[in-house]
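Values reported hereafter were calculated over all heavy atoms of this structure, with side chains retained and with hydrogens, waters and symmetry mates removed. In what follows, chains are A, B, ... by sequence order, proteins preceding strands, each numbered from 1.
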Amino acid sequence: MQRNMCKTVTKNSLVKSNSNRSNYNTSNNVRVRFAPSPTGYLHLGSARTCLFNWLFAKKNNGNFILRIEDTDIKRHQENTITSIIESLKWLGINWDEGPDIGGKYGPYRQSQRLDIYNQYAQKLLKEQKAYYCFCTQEELKTQREKAEKEGKFYKYDRRCLNLSEKEIKGYIENGKEKAIRLLVPKDKTIVFEDTVYGKIEVNSNNIEDFIIIRSNGLPTYNFSVAIDDALMKISHIIRGEDHLSNTPKQLLVYDAIGFKHPIFTHLPMILGYDGQKLSKRHGSISIEAYREEGYLPEAMINYLALLGWAYDEKTTIFSVQDLIEKFSLHSINKKPAKFDPQKLTWINGYYIRNMKDEKLVTILSERIRVRIKEKEETKAKNQILVKSKTALNEKITKIVPLVKERVKTLKECDNLIAPFFFEVDYTEEIKNYFKNKDINPGKAREIIDKTTEALSLIGSWPSAPSLTLTPTHPKVSSEFTSTQIEEILRALSNKLNLDFRKFAEVIRIALWGSTISPPLFETIEILGKDETIKRLATYKAFLSPA
RNA sequence: GCCCUCGUCGUCUAGGGGUUAGGACACAGCCCUUUCAAGGCUGCAACGGGGAUUCGAAUUCCCCCGAGGGCACCA
């Protein structure tokens, strides 16, 4: 059987396939599009749809087109177009044709294509495949509500189809509001083969004569998409599953006009944790929000690709290049996917950990610079510890290896390293941390005093006669390095007969204002002797005498 | 109400007649450890239910149940 043959082939080529879905041509002229309506930020679901389109285009050397569906004047907001475009660019998605760069099938904004829709509507009218409807919206609404009350499915009763030419003429001359409806053929089976969902059959009797041009002259969605997709020579329509039920209507438009059908691929929905449609109450759902939270574009892409698609039984990490090579419409599954922020975060952490140090340095420098600027604009200017851009970069270069394995988002990283650049704010909780602890405030003072003393020695050696520590530690040199610091602090902790964990906790809290910090010895080195000693003193002041 | 879909660990998924039903996230434990991570090891955990076909069903078919989407002068 064909199925078996294909299975063999695909196993060899490591590409999964359902042969019965592969009867289409992807060898040339692949043209796909992403067609957002500008009503808000770029949503995770839309981003995933966009990504799949883009991957498919890249993989097949096709064209990826960006089109803005802004026919609904009431809902669309101009500024959101910019924001959507920004998000796409941030993700690294580029397009070959679009509203900003043009192209030979433009314009790429539906609001600029109104003449086209009207021309086709007139053509259908002339061919009697569509007809004027003079029913008012109120009338229709009443009818619909009545039907719903009776538990019936409402379908337009075609009353305007039976109007005489004279009546029509009369209405038009009187300037009565008119919409245009498509004349849906009776009892026709509409069939299409969806790449993901397989063969879909719908009887046209289930579809009413839907409006294609509204009384305000604007086209409705099912009409304009069909026309645009056909005119823009879109070969594969890849979009969310919520459009599956609309596809027959669009096919009716294709057929009425005589357009060739494209290939349809519907993607399973992305749902929230509770299985409901992903919405604001599930938390952040825009690409923009994740960008701000410190997620990397490559991590977003990787995670999004895994929603509804899998390559094999093991791999979870895919570079964009991997995805382009391995992506296939055949391996998209049907089940709706629940968005899992934890996994996204894990993937993001993975990308941070595996990022080249230099790249992280660049990214973090930029982010810290933003924070510095914020401080500069407030009265907290004196809290900034780093003065020059060079100093900042040098510092971050040293910091990156310490923190890249410890954070999952850039924001988390910013927070972890902030005390390198700004004075520490000690919370009440931190100030009182050692009350009722094994190490009481008095003991903590002692630790701080001794540590201060010991650290002071580094660099002032060998002229340090008061050093009580040196007998147990012969190798005090003049370099303020993490190795040196570690040796001295461990020796000190030992001498004080303390568990080093507890000893270190005092220092950590004093230096970082937190129980969590980057590795202590390196932190002290980078912070520098003076700042370290200064912070030890600052914190000591919060410790009430025993 | 009608139409269209979907149903494997908590989550993303692999698996398409014979598997100890595999991996990843999360979770738990242990190891490592100056905190937090990272890393290593181990564990927990799934075929919605019922029939049918078959020697054999997570896999094919039917019914039920559950879930999502659509049915607008929204996109």
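The base of B:C73 is paired with the side chain of A:S215 by a donor and an acceptor separated by under 3.5 Å. Residue-to-nucleotide contacts include a donor-acceptor pair under 3.5 Å from the side chain of A:N246 to the base of B:A75. Taking 3.5 Å as the limit, the base of B:A24 and the side chain of A:K314 contain no donor-acceptor pair of atoms between them. Between the side chain of A:R508 and the base of B:U34, at least one donor-acceptor pair of N or O atoms lies under 3.5 Å.
Proximity of A:K155 to the phosphate of B:C3: no side-chain N or O atom is located under 4.0 Å from OP1 or OP2. Residue A:K335 places at least one side-chain N or O under 4.0 Å from the OP1 or OP2 atom of B:U8.
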Spell out protein contact along nucleotides 41-48 of chain B as letters: B when the base is contacted, S when just the sugar-phosphate is, - when no protein heavy atom is under 4.0 Å; keep the 5' to 3' order.
--------

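B:C55 is paired with B:G18 under the criterion used here, namely a Watson-Crick or G-U wobble arrangement in which both key atom distances are under 3.5 Å. Using N1 to N3 plus N6-O4 or O6-N4 for Watson-Crick, or N1-O2 and O6-N3 for G-U wobble, each under 3.5 Å, B:G1 pairs with B:C71. Pairing for B:C27 is with B:G43, a Watson-Crick or G-U wobble pair whose two hydrogen-bonding atom distances lie under 3.5 Å. Nucleotide B:A38 forms a pair with no other nucleotide shown, judged by Watson-Crick or G-U wobble geometry with both contacts under 3.5 Å.
Annotation: B:U59 and B:C4 have their P atoms spaced 23 Å apart (nearest Å).
Here the P atom of nucleotide B:G68 and the CG atom of A:L244 are 17 Å apart, to the nearest Å.
Toward the 5′ end of RNA chain B lies the nearest nucleotide of A:D340, the other residue of the pair A:R144 and A:D340 mapping further downstream.
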